[in-house]
Structures are given as structure tokens and as C-alpha cells.
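Heads up, the thing below is written out as C-alpha cells.
These numbers come from the heavy atoms of this one structure, side chains and all, not from hydrogens, waters or symmetry mates.
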Amino acid sequence: RALALLWVFSLHSLLLETWDVETQKRRELPVFEDLKLQWWAQVPLHGNTGMDAFFVLSGLLMSRAYQKIQSSSIKERYGVFLIRRLCRIWPMVCAAVLASIVI
């Protein structure tokens, strides 16, 4: 997952180099145009594929973790999944709400 994250980060870094803050438009740089033609630059230029890889790997890791739960029924496994998910997400939701109230 870290490599997929770096893959997406590399695309954002390359695109940031071509962004003109004053005009809010993408500027064409000769270096960037030459970079598009290089074979080694094709991986960072397709960073959206890194995002897909990140989601697929995350899904595989989650399914493997929940597959280890040896419950007798699907309803029990789903209940355990929901409780764990709630315990993982709820603190961040509360922190975001609290931060928005304070700010």
C-alpha cells in the first residue's frame, strides 16, 4: 500500500510543477512535455492506477482480517464487522465535529 501511495504522490508532485497559481491554469512546460515521452516516466504519470491499487490492496487486507473471524453464522460475522468499523470510525467523526465547532 505504501508503494501505491507513493505512486499517487508522484503524480500529484508532477502536476503541481505544471500548475500556475496566479492564473489557476495548467502551464505547458517543455520539460514536462519531454517527460511524457520517456518510458520510465509512464508509471508516475498514471498515478490514478496507484489509487486503484491502493483500494484493491486495502480490500484484500480487510477481507483477510475479517475472514479469520470464526463465527457460526454470516449475521454474527457482519455484526462483528459493523462493531469494529464503528469503533474505528466514530472517534474520528467526533474529533472532526469537535474541531468544526471549535474553529
Side-chain angles (χ1 to χ4, degrees):
R1 289 187 338 170
L3 290 176
L5 177 71
L6 289 174
W7 194 354
V8 173
F9 181 73
S10 65
L11 174 70
H12 288 183
S13 298
L14 285 173
L15 292 178
L16 189 61
E17 287 295 318
T18 64
W19 188 255
D20 190 3
V21 179
E22 293 174 3
T23 62
Q24 295 294 313
K25 293 183 181 176
R26 190 172 157 235
R27 57 186 164 178
E28 295 296 327
L29 297 176
V31 175
F32 191 66
E33 293 302 318
D34 292 339
L35 187 66
K36 287 182 186 178
L37 301 175
Q38 303 297 324
W39 66 269
W40 52 267
Q42 295 308 308
V43 171
L45 290 175
H46 292 89
N48 53 348
T49 309
M51 197 67 205
D52 295 339
F54 183 83
F55 280 125
V56 168
L57 289 172
S58 296
L60 288 172
L61 289 172
M62 282 180 57
S63 66
R64 186 143 193 211
Y66 290 114
Q67 196 175 32
K68 292 179 181 179
I69 301 171
Q70 298 296 325
S71 299
S72 59
S73 70
I74 293 175
K75 287 183 180 180
E76 287 178 22
R77 278 186 260 167
Y78 187 65
V80 170
F81 168 78
L82 287 178
I83 289 170
R84 287 184 178 179
R85 191 79 172 162
L86 182 68
C87 291
R88 187 177 301 131
I89 293 175
W90 189 249
M92 293 307 296
V93 171
C94 290
V97 169
L98 193 64
S100 67
I101 291 172
V102 170
I103 294 175

Task: Shortest non-hydrogen contact between Trp7 and Gly50, atoms and distance - done: CE3-CA, 3.3 Å
TODO: Examine Val8 and Phe55 and state if one hydrophobic cluster contains both, with Ile, Leu, Val, Met, Phe, Trp and Tyr joined whenever side-chain heavy atoms are less than 4.5 Å apart.
DONE: yes
Task: ILVMFWY cluster, Leu86 and Ile89 together (side-chain gap under 4.5 Å) - done: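 Yes, one cluster joins them.
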Task: Whether over 12 other heavy atoms sit under 6.0 Å from Leu82 CG - done: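 For Leu82, atom CG is crowded (more than 12 foreign heavy atoms under 6.0 Å).
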Task: Spatial distance of atom CZ (Arg88) from atom CD1 (Ile83) [nearest 0.5 Å] - done: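 The CD1 atom of Ile83 is 12.5 Å from CZ of Arg88, to the nearest 0.5 Å.
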Open item on the list: Suppose we screen for side chain to side chain donor-acceptor pair (under 3.5 Å). Which residues come up paired with Arg1, at least two apart in sequence or across chains?
Closed with: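 Arg1 satisfies side chain to side chain donor-acceptor pair (under 3.5 Å) with Ser58 once adjacent residues are dropped.
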